Participant: 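For reference, the structure I am asking about is given below.
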Amino acid sequence: MDRVKTGIKGFDELVQGGFPKNFNILLTGLPGTGKTIFGMQYLYNGAMNGEPGIYVSLDMADQIFRDQGRQFGWDIERLEAENKLSIIKVPLDRERIRIFEKIKEEAKRIGAKRLVFDSLATFAINIDQFEVPLEIGEEVGKILGKSTAFSDGIYYAGSSYKRVTYLAINQLSKIGTTNILITDEQMGGSHTTIDGVSEYVSDGVVQLELADVGGGPARMLKVSKIRGTSNSLEFHSFDITSKGIVVSQPGNK
Ligand SMILES: Nc1ncnc2c1ncn2[C@@H]1O[C@H](COP(=O)(O)OP(=O)(O)OP(=O)(O)O)[C@@H](O)[C@H]1O
Ligand SMILES: [Mg+2]
């Protein structure tokens, strides 16, 4: 398996050297746990090593993205000018946005190898604003507990949160990039994610947490699954430093 290194200090060792190429990795956690920074760092490191990437931002203004990067010493503007990094800010106040077509075009333009989608939850909540093709296969029908597959067509509002999330993951798989898909964790619930389904569809799941340990709150990270990979199942503590995320030794939870 070809591995795509995140370049995040201490992380790649947990997943046999990196994410398998072309995988969809779900990155989940409560607000403020570091999902956006993790995603940015993955793209920044890729861009610095000859792998262009796209950040699809539904949650945050692109200027905030650049300013946040600068805090870690990352020159986002320069990478954008060199076509090594591209930020697609999706305007949620518009209608009939053809989001996946836009991503495909941009991926082609810069020859993207990496993609971060921030976030599946915001996409699903705002599904009314989008115009997207519906191509959900048999497997999807099976997991949803339906015996028949859905046919192709244009999809509009009215369907369930789960289906919409499926649709997004399915479309993003076709870009040809190795993807980090950000979503929200269900607060106090039984699912890893707010939609309760993306953790099954994705090829890998990384959970970020703020845990209360002896000395006060600590940032923790767990790789719950990566298909075809022997991953560490332990919680690992990490810090957000002046250079971004740094993962440390296995922690106790
Ligand atoms: N320069 C910095 N140095 C250290 N920590 C920082 C720095 N900038 C941000 N943080 C920490 O990172 C947190 C935000 O991380 P991030 O935006 O990645 O979270 P998130 O999981 O994407 O949150 P949300 O779900 O709200 O989008 C802040 O709450 C803060 O604690
Ligand atoms: Mg965020």
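As the structure lists them, so they are numbered: ligands from 1, and atoms in each ligand from 1. No experiment lies behind these values; they were computed from the predicted model shown. Note that the numbering runs from 1 along the sequence shown for the chain.
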Participant: Whether Arg66 and Glu80 form a salt bridge (side-chain N of Lys/Arg under 4.0 Å from carboxylate O of Asp/Glu) is what I want to check.
Facilitator: yes
Participant: Got a sec, which pairs hit side-chain hydrogen bond (donor to acceptor under 3.5 Å, both in side chains) with one end in residues 26-35, sequence neighbours left out?
Facilitator: none
Participant: Once side-chain contact (heavy atoms from CB on, under 4.5 Å) is applied, do any residues pair with Ser57, and if so which ones, sequence neighbours excluded?
Facilitator: Tyr55, Met60, Lys89
Participant: At less than 3.5 Å, what protein N or O atoms come close to the N or O atoms of ligand 1? Include the distances to 0.1 Å.
Facilitator:
{"unit_1": "ligand 1", "atom_1": "1 (N)", "unit_2": "Gln71", "atom_2": "OE1", "d": "2.7"}
{"unit_1": "ligand 1", "atom_1": "8 (N)", "unit_2": "Gln68", "atom_2": "NE2", "d": "3.0"}
{"unit_1": "ligand 1", "atom_1": "18 (O)", "unit_2": "Gly34", "atom_2": "O", "d": "3.4"}
{"unit_1": "ligand 1", "atom_1": "18 (O)", "unit_2": "Lys35", "atom_2": "N", "d": "3.3"}
{"unit_1": "ligand 1", "atom_1": "18 (O)", "unit_2": "Thr36", "atom_2": "N", "d": "3.0"}
{"unit_1": "ligand 1", "atom_1": "18 (O)", "unit_2": "Ile37", "atom_2": "N", "d": "2.9"}
{"unit_1": "ligand 1", "atom_1": "19 (O)", "unit_2": "Gly34", "atom_2": "N", "d": "3.2"}
{"unit_1": "ligand 1", "atom_1": "21 (O)", "unit_2": "Thr33", "atom_2": "N", "d": "3.2"}
{"unit_1": "ligand 1", "atom_1": "21 (O)", "unit_2": "Gly34", "atom_2": "N", "d": "3.1"}
{"unit_1": "ligand 1", "atom_1": "21 (O)", "unit_2": "Lys35", "atom_2": "N", "d": "3.0"}
{"unit_1": "ligand 1", "atom_1": "21 (O)", "unit_2": "Lys35", "atom_2": "NZ", "d": "2.7"}
{"unit_1": "ligand 1", "atom_1": "22 (O)", "unit_2": "Thr36", "atom_2": "N", "d": "3.0"}
{"unit_1": "ligand 1", "atom_1": "22 (O)", "unit_2": "Thr36", "atom_2": "OG1", "d": "2.8"}
{"unit_1": "ligand 1", "atom_1": "23 (O)", "unit_2": "Gly32", "atom_2": "N", "d": "2.8"}
{"unit_1": "ligand 1", "atom_1": "25 (O)", "unit_2": "Lys35", "atom_2": "NZ", "d": "2.8"}
{"unit_1": "ligand 1", "atom_1": "31 (O)", "unit_2": "Arg219", "atom_2": "NH2", "d": "2.7"}

Participant: Report whether any nitrogen, oxygen or sulfur of Thr36 sits less than 2.8 Å from the Mg ion (ligand 2) (N, O or S, backbone or side chain).
Facilitator: yes
Participant: What residues, two or more places apart in sequence or in another chain, satisfy ring pair (Phe, Tyr, Trp, His ring centres under 6.0 Å) together with Phe72?
Facilitator: Trp74
Participant: If you measure from the Lys or Arg side-chain nitrogens to the Asp or Glu carboxylate oxygens, is any gap between Arg109 and Glu105 under 4.0 Å?
Facilitator: no
Participant: Using modelled atom types and a 3.5 Å cut-off, is there a donor and acceptor pairing between side-chain atoms of Thr178 and backbone atoms of Asn22?
Facilitator: yes
